[in-house]
Protein chains: 2
Amino acid sequence: MRGMKTAPYHHGALREALLDAAETILKRDGLNALTLRAAAREAGVSHAAPSHHFGDLTGLLTDLAADGFRRFAGRIKDALEDPSARRWDGARAYLAFAIDNPALFQLMFRADRLDGSRPSFKEARMHLLEILAESRGIPADKPSVEQLGKMVGGWSLIHGYTLLLLDGRLKALLNVAPEGTTTDDLFEAMLASADSQEIGPKPTMGVEVHGTN
Amino acid sequence: MRGMKTAPYHHGALREALLDAAETILKRDGLNALTLRAAAREAGVSHAAPSHHFGDLTGLLTDLAADGFRRFAGRIKDALEDPSARRWDGARAYLAFAIDNPALFQLMFRADRLDGSRPSFKEARMHLLEILAESRGIPADKPSVEQLGKMVGGWSLIHGYTLLLLDGRLKALLNVAPEGTTTDDLFEAMLASADSQEIGPKPTMGVEVHGTN
DNA sequence: CAGTCAATCTTTACGTTGTCTAGATAGTTT
DNA sequence: AAACTATCTAGACAACGTAAAGATTGACTG
(Lines give C-alpha, C1' and ligand atoms only; values in the text may rest on other atoms or scores of the structure.)
Protein backbone atom coordinates (compact mmCIF):
# COMPACT_ATOMS: atom_id res chain seq x y z
CA MET A 1 0.00 0.00 0.00
CA ARG A 2 2.83 2.40 -0.64
CA GLY A 3 1.23 4.50 -3.35
CA MET A 4 -2.00 4.97 -1.41
CA LYS A 5 -2.84 8.61 -0.96
CA THR A 6 -3.18 9.04 2.76
CA ALA A 7 -4.29 12.26 4.44
CA PRO A 8 -1.32 14.19 5.76
CA TYR A 9 -0.98 14.25 9.50
CA HIS A 10 -1.09 18.03 9.46
CA HIS A 11 -4.10 19.32 7.66
CA GLY A 12 -2.67 22.71 6.89
CA ALA A 13 -5.85 24.78 7.05
CA LEU A 14 -7.95 22.82 9.49
CA ARG A 15 -9.36 25.85 11.18
CA GLU A 16 -11.02 27.12 8.02
CA ALA A 17 -12.02 23.60 7.03
CA LEU A 18 -13.73 23.13 10.38
CA LEU A 19 -15.59 26.40 10.06
CA ASP A 20 -16.77 25.38 6.60
CA ALA A 21 -17.78 21.96 7.88
CA ALA A 22 -19.62 23.55 10.78
CA GLU A 23 -21.62 25.81 8.51
CA THR A 24 -22.45 22.90 6.22
CA ILE A 25 -23.86 21.01 9.18
CA LEU A 26 -25.66 24.11 10.42
CA LYS A 27 -27.43 24.52 7.09
CA ARG A 28 -28.08 20.82 6.55
CA ASP A 29 -28.96 19.51 10.01
CA GLY A 30 -29.55 22.54 12.20
CA LEU A 31 -27.89 23.92 15.29
CA ASN A 32 -28.70 20.96 17.51
CA ALA A 33 -26.72 18.65 15.24
CA LEU A 34 -23.69 20.91 15.19
CA THR A 35 -21.32 19.23 17.66
CA LEU A 36 -17.56 19.27 17.89
CA ARG A 37 -17.43 15.64 16.88
CA ALA A 38 -19.78 16.14 13.93
CA ALA A 39 -17.64 18.99 12.64
CA ALA A 40 -14.54 16.81 13.00
CA ARG A 41 -16.23 13.98 11.10
CA GLU A 42 -17.35 16.33 8.34
CA ALA A 43 -13.78 17.61 7.99
CA GLY A 44 -12.34 14.11 8.15
CA VAL A 45 -10.18 14.55 11.24
CA SER A 46 -10.17 13.01 14.68
CA HIS A 47 -12.90 14.00 17.10
CA ALA A 48 -10.60 15.92 19.42
CA ALA A 49 -8.96 18.03 16.73
CA PRO A 50 -11.40 20.96 16.87
CA SER A 51 -10.63 21.72 20.50
CA HIS A 52 -7.09 22.70 19.56
CA HIS A 53 -8.39 25.48 17.33
CA PHE A 54 -11.47 26.67 19.17
CA GLY A 55 -10.95 25.63 22.77
CA ASP A 56 -14.44 24.29 23.25
CA LEU A 57 -17.78 24.08 21.47
CA THR A 58 -18.69 27.60 22.55
CA GLY A 59 -15.54 28.83 20.88
CA LEU A 60 -16.43 27.22 17.57
CA LEU A 61 -19.97 28.57 17.66
CA THR A 62 -18.75 32.02 18.60
CA ASP A 63 -16.31 32.19 15.71
CA LEU A 64 -19.05 31.01 13.38
CA ALA A 65 -21.43 33.65 14.73
CA ALA A 66 -18.80 36.37 14.44
CA ASP A 67 -18.32 35.55 10.78
CA GLY A 68 -22.08 35.57 10.41
CA PHE A 69 -22.25 39.07 11.87
CA ARG A 70 -19.62 40.25 9.43
CA ARG A 71 -21.52 38.96 6.42
CA PHE A 72 -24.80 40.17 7.90
CA ALA A 73 -23.46 43.68 8.34
CA GLY A 74 -22.08 43.60 4.81
CA ARG A 75 -25.43 42.71 3.31
CA ILE A 76 -27.21 45.45 5.23
CA LYS A 77 -24.56 47.99 4.38
CA ASP A 78 -24.83 47.13 0.69
CA ALA A 79 -28.58 47.58 0.81
CA LEU A 80 -28.27 50.94 2.57
CA GLU A 81 -25.63 52.27 0.22
CA ASP A 82 -27.47 51.29 -2.93
CA PRO A 83 -28.36 54.61 -4.59
CA SER A 84 -31.72 53.20 -5.62
CA ALA A 85 -32.51 52.13 -2.06
CA ARG A 86 -36.12 52.61 -1.04
CA ARG A 87 -37.43 53.23 2.42
CA TRP A 88 -37.11 50.11 4.63
CA ASP A 89 -34.66 48.43 2.27
CA GLY A 90 -32.22 48.01 5.16
CA ALA A 91 -34.91 46.21 7.06
CA ARG A 92 -35.66 44.03 4.04
CA ALA A 93 -32.00 43.07 3.84
CA TYR A 94 -32.07 42.23 7.55
CA LEU A 95 -34.97 39.86 7.02
CA ALA A 96 -33.58 38.44 3.78
CA PHE A 97 -30.34 37.42 5.44
CA ALA A 98 -32.22 35.67 8.21
CA ILE A 99 -34.37 33.80 5.69
CA ASP A 100 -31.31 32.78 3.67
CA ASN A 101 -29.39 31.64 6.77
CA PRO A 102 -31.99 30.77 9.38
CA ALA A 103 -29.87 28.54 11.60
CA LEU A 104 -26.90 30.89 11.47
CA PHE A 105 -29.08 33.87 12.30
CA GLN A 106 -30.59 32.14 15.29
CA LEU A 107 -27.14 31.13 16.48
CA MET A 108 -25.99 34.74 16.25
CA PHE A 109 -28.60 35.73 18.83
CA ARG A 110 -28.27 32.75 21.15
CA ALA A 111 -26.32 34.29 24.00
CA ASP A 112 -26.35 31.04 25.97
CA ARG A 113 -24.23 29.25 23.35
CA LEU A 114 -21.84 32.12 22.61
CA ASP A 115 -18.93 33.73 24.40
CA GLY A 116 -19.74 37.42 24.25
CA SER A 117 -16.33 38.38 25.61
CA ARG A 118 -14.45 37.05 22.58
CA PRO A 119 -12.78 40.06 20.88
CA SER A 120 -13.55 39.04 17.29
CA PHE A 121 -17.17 38.52 18.22
CA LYS A 122 -17.46 41.80 20.11
CA GLU A 123 -15.94 43.66 17.21
CA ALA A 124 -18.25 42.12 14.63
CA ARG A 125 -21.28 42.85 16.79
CA MET A 126 -20.24 46.45 17.38
CA HIS A 127 -19.74 46.99 13.69
CA LEU A 128 -23.33 46.01 13.03
CA LEU A 129 -24.53 48.39 15.71
CA GLU A 130 -22.64 51.22 14.08
CA ILE A 131 -24.25 50.46 10.75
CA LEU A 132 -27.70 50.42 12.32
CA ALA A 133 -27.03 53.74 14.05
CA GLU A 134 -25.54 55.32 10.96
CA SER A 135 -28.54 54.31 8.87
CA ARG A 136 -30.66 56.55 11.07
CA GLY A 137 -28.19 59.38 11.20
CA ILE A 138 -27.78 58.81 14.91
CA PRO A 139 -24.42 59.90 16.31
CA ALA A 140 -22.43 56.96 17.61
CA ASP A 141 -20.97 58.90 20.53
CA LYS A 142 -23.63 61.01 22.24
CA PRO A 143 -27.13 60.09 21.19
CA SER A 144 -30.17 61.33 23.09
CA VAL A 145 -32.61 58.98 24.73
CA GLU A 146 -35.18 59.91 22.09
CA GLN A 147 -32.78 59.01 19.32
CA LEU A 148 -31.96 55.71 20.98
CA GLY A 149 -35.65 55.03 21.42
CA LYS A 150 -36.22 55.41 17.70
CA MET A 151 -33.25 53.25 16.90
CA VAL A 152 -34.27 50.50 19.29
CA GLY A 153 -37.80 50.75 17.94
CA GLY A 154 -36.74 50.11 14.38
CA TRP A 155 -34.38 47.36 15.41
CA SER A 156 -36.92 45.66 17.68
CA LEU A 157 -39.60 45.78 15.02
CA ILE A 158 -37.51 44.04 12.39
CA HIS A 159 -35.78 41.71 14.79
CA GLY A 160 -39.03 40.69 16.43
CA TYR A 161 -40.71 39.99 13.12
CA THR A 162 -37.72 37.99 11.95
CA LEU A 163 -37.66 35.78 15.02
CA LEU A 164 -41.42 35.27 15.05
CA LEU A 165 -41.19 34.18 11.44
CA LEU A 166 -38.24 31.84 12.00
CA ASP A 167 -39.95 30.33 15.02
CA GLY A 168 -43.02 29.61 12.94
CA ARG A 169 -45.21 31.78 15.12
CA LEU A 170 -46.76 33.59 12.14
CA LYS A 171 -48.25 30.49 10.54
CA ALA A 172 -51.30 30.71 12.74
CA LEU A 173 -51.87 34.25 11.54
CA LEU A 174 -51.58 33.30 7.89
CA ASN A 175 -54.28 30.70 8.41
CA VAL A 176 -56.85 33.35 9.24
CA ALA A 177 -55.51 35.88 6.75
CA PRO A 178 -57.15 36.42 3.34
CA GLU A 179 -56.51 33.61 0.88
CA GLY A 180 -53.07 33.74 -0.70
CA THR A 181 -51.47 36.09 1.82
CA THR A 182 -47.73 35.45 2.14
CA THR A 183 -45.36 36.30 4.96
CA ASP A 184 -43.92 38.95 2.66
CA ASP A 185 -47.34 40.56 2.38
CA LEU A 186 -47.53 40.52 6.16
CA PHE A 187 -44.11 42.10 6.43
CA GLU A 188 -44.96 44.87 3.98
CA ALA A 189 -48.28 45.49 5.70
CA MET A 190 -46.39 45.81 8.98
CA LEU A 191 -43.96 48.32 7.50
CA ALA A 192 -46.82 50.31 6.02
CA SER A 193 -48.60 50.41 9.36
CA ALA A 194 -45.43 51.59 11.04
CA ASP A 195 -45.32 54.52 8.64
CA SER A 196 -48.92 55.61 9.09
CA GLN A 197 -49.79 55.38 12.73
CA GLU A 198 -53.40 55.76 13.78
CA ILE A 199 -54.48 56.16 17.35
CA GLY A 200 -57.71 54.59 18.52
CA PRO A 201 -59.86 55.06 21.62
CA LYS A 202 -58.13 52.67 24.03
CA PRO A 203 -55.11 51.09 22.43
CA THR A 204 -53.58 49.40 25.40
CA MET A 205 -51.33 47.17 23.33
CA GLY A 206 -50.13 50.03 21.23
CA VAL A 207 -51.77 49.91 17.86
CA GLU A 208 -55.44 50.35 17.21
CA VAL A 209 -57.49 49.50 14.18
CA HIS A 210 -60.00 51.99 12.81
CA GLY A 211 -63.58 50.88 13.44
CA THR A 212 -65.49 48.85 10.88
CA ASN A 213 -64.84 48.75 7.18
CA MET B 1 -34.24 0.98 60.89
CA ARG B 2 -37.94 0.29 61.10
CA GLY B 3 -39.13 3.79 61.86
CA MET B 4 -37.11 5.33 59.05
CA LYS B 5 -39.35 7.25 56.73
CA THR B 6 -38.67 5.81 53.33
CA ALA B 7 -40.11 7.26 50.15
CA PRO B 8 -43.06 5.29 48.86
CA TYR B 9 -42.52 3.42 45.65
CA HIS B 10 -45.32 5.34 44.01
CA HIS B 11 -44.89 9.05 44.34
CA GLY B 12 -48.54 9.93 43.89
CA ALA B 13 -48.16 13.27 42.16
CA LEU B 14 -44.88 12.86 40.37
CA ARG B 15 -45.96 14.67 37.25
CA GLU B 16 -46.61 17.92 39.08
CA ALA B 17 -43.54 17.41 41.27
CA LEU B 18 -41.40 17.04 38.15
CA LEU B 19 -42.84 20.17 36.59
CA ASP B 20 -42.12 22.06 39.79
CA ALA B 21 -38.62 20.65 39.92
CA ALA B 22 -38.07 21.54 36.29
CA GLU B 23 -39.09 25.14 36.84
CA THR B 24 -36.88 25.38 39.90
CA ILE B 25 -33.91 24.24 37.82
CA LEU B 26 -34.91 26.57 35.00
CA LYS B 27 -34.90 29.56 37.34
CA ARG B 28 -31.80 28.53 39.26
CA ASP B 29 -29.49 27.06 36.62
CA GLY B 30 -30.97 28.01 33.27
CA LEU B 31 -32.35 26.07 30.34
CA ASN B 32 -29.10 24.30 29.51
CA ALA B 33 -29.03 22.67 32.94
CA LEU B 34 -32.61 21.46 32.68
CA THR B 35 -32.21 17.80 31.78
CA LEU B 36 -34.49 14.84 32.40
CA ARG B 37 -32.01 13.44 34.87
CA ALA B 38 -31.62 16.72 36.70
CA ALA B 39 -35.37 17.02 37.09
CA ALA B 40 -35.50 13.46 38.40
CA ARG B 41 -32.72 14.21 40.91
CA GLU B 42 -34.46 17.38 42.05
CA ALA B 43 -37.67 15.44 42.61
CA GLY B 44 -35.84 12.57 44.29
CA VAL B 45 -36.83 9.81 41.88
CA SER B 46 -34.92 7.54 39.55
CA HIS B 47 -33.42 8.97 36.40
CA ALA B 48 -35.83 7.22 34.06
CA ALA B 49 -39.02 8.15 35.88
CA PRO B 50 -39.74 11.39 33.93
CA SER B 51 -39.99 9.60 30.62
CA HIS B 52 -43.10 7.78 31.80
CA HIS B 53 -44.92 11.08 32.27
CA PHE B 54 -43.52 13.19 29.44
CA GLY B 55 -42.24 10.72 26.87
CA ASP B 56 -39.01 12.54 26.24
CA LEU B 57 -37.21 15.74 27.14
CA THR B 58 -39.08 17.67 24.47
CA GLY B 59 -42.31 16.58 26.09
CA LEU B 60 -41.29 17.93 29.49
CA LEU B 61 -40.15 21.23 28.03
CA THR B 62 -43.31 21.54 25.96
CA ASP B 63 -45.56 21.03 28.98
CA LEU B 64 -43.53 23.56 30.89
CA ALA B 65 -43.79 26.06 28.04
CA ALA B 66 -47.51 25.47 27.69
CA ASP B 67 -48.01 26.31 31.35
CA GLY B 68 -45.83 29.36 30.81
CA PHE B 69 -48.06 30.51 27.97
CA ARG B 70 -51.11 30.14 30.17
CA ARG B 71 -49.65 32.29 32.92
CA PHE B 72 -48.25 34.71 30.36
CA ALA B 73 -51.66 35.17 28.73
CA GLY B 74 -53.21 35.64 32.14
CA ARG B 75 -50.86 38.43 33.10
CA ILE B 76 -51.44 40.25 29.82
CA LYS B 77 -55.16 39.80 30.04
CA ASP B 78 -55.18 41.22 33.57
CA ALA B 79 -53.23 44.24 32.41
CA LEU B 80 -55.57 44.84 29.50
CA GLU B 81 -58.75 44.48 31.56
CA ASP B 82 -57.59 46.80 34.31
CA PRO B 83 -59.96 49.77 34.08
CA SER B 84 -57.08 52.12 34.83
CA ALA B 85 -54.96 50.67 32.03
CA ARG B 86 -52.91 53.18 30.13
CA ARG B 87 -51.84 52.95 26.55
CA TRP B 88 -49.14 50.26 26.06
CA ASP B 89 -49.87 48.61 29.42
CA GLY B 90 -50.38 45.31 27.65
CA ALA B 91 -46.93 45.66 26.16
CA ARG B 92 -45.50 46.52 29.57
CA ALA B 93 -47.04 43.37 31.00
CA TYR B 94 -45.51 41.39 28.13
CA LEU B 95 -42.06 42.71 28.97
CA ALA B 96 -42.55 42.39 32.72
CA PHE B 97 -43.37 38.69 32.46
CA ALA B 98 -40.26 38.08 30.39
CA ILE B 99 -38.10 39.93 32.91
CA ASP B 100 -39.64 38.00 35.80
CA ASN B 101 -39.23 34.65 34.04
CA PRO B 102 -36.39 35.07 31.56
CA ALA B 103 -35.47 31.41 31.09
CA LEU B 104 -39.10 30.32 30.85
CA PHE B 105 -39.87 33.05 28.32
CA GLN B 106 -36.96 32.06 26.14
CA LEU B 107 -38.00 28.43 26.33
CA MET B 108 -41.51 29.40 25.21
CA PHE B 109 -40.09 30.71 21.95
CA ARG B 110 -37.51 28.02 21.29
CA ALA B 111 -39.23 26.04 18.56
CA ASP B 112 -36.28 23.65 18.28
CA ARG B 113 -36.81 22.31 21.79
CA LEU B 114 -40.60 22.19 21.76
CA ASP B 115 -43.19 19.97 20.13
CA GLY B 116 -45.54 22.41 18.47
CA SER B 117 -48.04 19.69 17.63
CA ARG B 118 -48.86 18.93 21.28
CA PRO B 119 -52.52 19.84 21.81
CA SER B 120 -52.11 21.52 25.21
CA PHE B 121 -49.31 23.61 23.81
CA LYS B 122 -51.19 24.58 20.67
CA GLU B 123 -54.19 25.57 22.71
CA ALA B 124 -52.20 27.72 25.11
CA ARG B 125 -50.45 29.44 22.23
CA MET B 126 -53.67 30.09 20.38
CA HIS B 127 -55.22 31.58 23.47
CA LEU B 128 -52.44 34.14 23.67
CA LEU B 129 -52.92 35.01 20.03
CA GLU B 130 -56.60 35.64 20.62
CA ILE B 131 -55.80 37.97 23.49
CA LEU B 132 -53.33 39.88 21.37
CA ALA B 133 -55.88 40.19 18.56
CA GLU B 134 -58.68 41.15 20.89
CA SER B 135 -56.60 43.88 22.49
CA ARG B 136 -56.52 45.58 19.10
CA GLY B 137 -60.14 44.98 18.30
CA ILE B 138 -59.10 42.77 15.42
CA PRO B 139 -61.65 40.12 14.46
CA ALA B 140 -60.32 36.63 15.06
CA ASP B 141 -62.00 35.17 12.02
CA LYS B 142 -61.63 37.44 9.00
CA PRO B 143 -59.03 40.14 9.56
CA SER B 144 -57.73 42.22 6.65
CA VAL B 145 -54.06 42.22 5.71
CA GLU B 146 -53.83 45.79 7.01
CA GLN B 147 -55.23 44.76 10.36
CA LEU B 148 -52.83 41.82 10.56
CA GLY B 149 -49.97 44.13 9.64
CA LYS B 150 -50.76 46.37 12.58
CA MET B 151 -51.10 43.42 14.89
CA VAL B 152 -47.85 41.85 13.78
CA GLY B 153 -46.19 45.26 14.04
CA GLY B 154 -47.15 45.71 17.65
CA TRP B 155 -46.24 42.15 18.52
CA SER B 156 -42.90 42.28 16.72
CA LEU B 157 -41.97 45.54 18.35
CA ILE B 158 -42.51 44.27 21.88
CA HIS B 159 -41.23 40.80 21.21
CA GLY B 160 -38.11 42.07 19.48
CA TYR B 161 -37.30 44.47 22.29
CA THR B 162 -37.86 41.74 24.87
CA LEU B 163 -35.52 39.31 23.18
CA LEU B 164 -32.85 41.92 22.52
CA LEU B 165 -32.97 42.81 26.19
CA LEU B 166 -32.84 39.21 27.40
CA ASP B 167 -29.98 38.46 25.04
CA GLY B 168 -28.03 41.38 26.47
CA ARG B 169 -27.89 43.12 23.13
CA LEU B 170 -28.99 46.47 24.58
CA LYS B 171 -26.07 46.83 26.98
CA ALA B 172 -23.90 48.29 24.26
CA LEU B 173 -26.53 50.95 23.64
CA LEU B 174 -26.79 51.87 27.31
CA ASN B 175 -23.05 52.45 27.37
CA VAL B 176 -23.33 55.31 24.90
CA ALA B 177 -26.64 56.58 26.29
CA PRO B 178 -26.83 59.61 28.63
CA GLU B 179 -25.63 58.84 32.15
CA GLY B 180 -28.17 56.97 34.24
CA THR B 181 -30.37 55.77 31.39
CA THR B 182 -32.07 52.49 32.22
CA THR B 183 -33.52 49.85 29.94
CA ASP B 184 -36.93 51.01 31.11
CA ASP B 185 -36.14 54.51 29.88
CA LEU B 186 -35.17 52.97 26.57
CA PHE B 187 -38.38 50.99 26.42
CA GLU B 188 -40.53 54.03 27.15
CA ALA B 189 -38.61 56.09 24.61
CA MET B 190 -39.25 53.39 22.06
CA LEU B 191 -42.98 53.36 22.80
CA ALA B 192 -43.10 57.14 22.56
CA SER B 193 -41.34 57.07 19.20
CA ALA B 194 -43.80 54.47 17.95
CA ASP B 195 -46.64 56.84 18.77
CA SER B 196 -45.20 59.90 17.09
CA GLN B 197 -43.70 58.83 13.83
CA GLU B 198 -41.63 61.34 11.88
CA ILE B 199 -40.48 60.79 8.36
CA GLY B 200 -37.06 61.99 7.31
CA PRO B 201 -35.40 62.51 3.95
CA LYS B 202 -34.03 59.00 3.31
CA PRO B 203 -34.95 56.65 6.09
CA THR B 204 -33.90 53.36 4.60
CA MET B 205 -34.01 51.51 7.89
CA GLY B 206 -37.43 52.84 8.72
CA VAL B 207 -37.16 55.54 11.32
CA GLU B 208 -35.45 58.85 10.84
CA VAL B 209 -34.32 61.41 13.33
CA HIS B 210 -35.13 65.09 12.83
CA GLY B 211 -32.05 67.12 11.95
CA THR B 212 -30.10 68.94 14.64
CA ASN B 213 -31.45 69.97 17.96
C1' DC C 1 23.29 19.95 8.42
C1' DA C 2 22.00 17.88 12.87
C1' DG C 3 19.29 18.67 16.87
C1' DT C 4 15.86 20.81 19.59
C1' DC C 5 11.44 22.91 20.11
C1' DA C 6 6.70 24.07 19.26
C1' DA C 7 2.58 23.38 16.79
C1' DT C 8 -0.64 20.18 15.09
C1' DC C 9 -3.28 16.07 15.20
C1' DT C 10 -4.57 11.23 17.18
C1' DT C 11 -5.67 8.04 20.77
C1' DT C 12 -7.49 6.87 24.96
C1' DA C 13 -10.33 7.70 28.75
C1' DC C 14 -13.97 9.62 31.91
C1' DG C 15 -18.29 11.54 33.27
C1' DT C 16 -22.89 13.11 31.66
C1' DT C 17 -26.77 12.90 28.82
C1' DG C 18 -31.27 10.80 26.36
C1' DT C 19 -33.49 6.76 25.70
C1' DC C 20 -34.52 1.80 25.50
C1' DT C 21 -35.47 -2.57 27.94
C1' DA C 22 -36.75 -5.53 31.61
C1' DG C 23 -38.26 -5.97 36.12
C1' DA C 24 -40.19 -4.54 40.72
C1' DT C 25 -44.04 -2.44 43.24
C1' DA C 26 -48.60 -0.94 44.36
C1' DG C 27 -53.13 0.45 43.59
C1' DT C 28 -57.73 -1.05 41.11
C1' DT C 29 -60.89 -3.89 39.33
C1' DT C 30 -63.32 -8.06 39.00
C1' DA D 1 -58.24 -13.23 46.34
C1' DA D 2 -56.52 -12.83 41.79
C1' DA D 3 -55.65 -10.57 37.63
C1' DC D 4 -54.63 -6.31 35.61
C1' DT D 5 -52.64 -1.90 34.87
C1' DA D 6 -50.19 2.17 36.07
C1' DT D 7 -46.13 3.65 38.14
C1' DC D 8 -41.40 3.61 39.28
C1' DT D 9 -36.47 1.43 39.44
C1' DA D 10 -32.26 -0.66 37.56
C1' DG D 11 -29.22 -1.51 33.99
C1' DA D 12 -27.46 -0.81 29.53
C1' DC D 13 -25.93 1.65 25.28
C1' DA D 14 -24.45 5.16 22.05
C1' DA D 15 -23.25 10.05 21.55
C1' DC D 16 -21.47 13.97 23.46
C1' DG D 17 -17.75 17.48 25.66
C1' DT D 18 -13.53 17.52 27.44
C1' DA D 19 -9.05 16.37 29.44
C1' DA D 20 -4.46 13.92 29.21
C1' DA D 21 -0.85 11.82 26.85
C1' DG D 22 1.41 10.37 22.81
C1' DA D 23 2.62 10.68 17.70
C1' DT D 24 3.93 13.41 13.77
C1' DT D 25 5.58 17.29 11.31
C1' DG D 26 7.46 21.74 10.34
C1' DA D 27 10.46 25.50 11.95
C1' DC D 28 14.11 27.34 14.17
C1' DT D 29 18.93 27.20 16.15
C1' DG D 30 23.64 26.24 16.81
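Throughout, protein chains are lettered first and strands after them, A, B, ... in sequence-line order, and every chain is numbered starting at 1.
- Listed by chain and number, the residues in a ring pair (Phe, Tyr, Trp, His ring centres under 6.0 Å) with F69(A) are F109(A), F121(A) (sequence neighbours excluded).
- Residues from residues 23-39 of chain A that place a heavy atom under 4.0 Å from any atom of DNA chain D, listed by number: T35(A), L36(A), R37(A).
- Residues that satisfy the side-chain hydrogen bond (donor to acceptor under 3.5 Å, both in side chains) test with D112(B), not counting sequence neighbours, are R110(B).
- Atom NE2 in H47(B) sits about 19 Å away from atom P in dT7(D), given to the nearest Å.
- With sequence neighbours excluded, the residues satisfying salt bridge (Lys or Arg N to Asp or Glu O under 4.0 Å) with R70(B) are D67(B).
- Note: H159(B) and Y94(B) have perpendicular aromatic rings, judged against thresholds of 30 and 60 degrees for the angle between ring planes.
- Every residue two or more places apart in sequence or in another chain that forms a side-chain contact (heavy atoms from CB on, under 4.5 Å) with L95(A) is listed here: I99(A), Y161(A), T162(A), L165(A), F187(A).
- The side chain of R41(A) approaches dC16(D) more closely than any other nucleotide in the set dC9(C), dC8(D), dC16(D).
- Residues from residues 50-65 of chain A that place a heavy atom under 4.0 Å from any atom of DNA chain C, listed by number: H52(A), H53(A).
- In this structure, the salt bridge (Lys or Arg N to Asp or Glu O under 4.0 Å) partners of R118(A), at least two apart in sequence or on a different chain, are D63(A).
- Using a 4.0 Å heavy-atom criterion, one finds that R15(A) contacts no nucleic acid atom at all.
- The side-chain hydrogen bond (donor to acceptor under 3.5 Å, both in side chains) search around K27(B) returns N101(B), not counting sequence neighbours.
- Under the rule for a side-chain hydrogen bond (donor to acceptor under 3.5 Å, both in side chains), D20(A) has no partner lying at least two apart in sequence or in another chain.
- As rounded to whole Å, 11 Å separates atom C1' of dG18(C) from atom CZ of R113(B).
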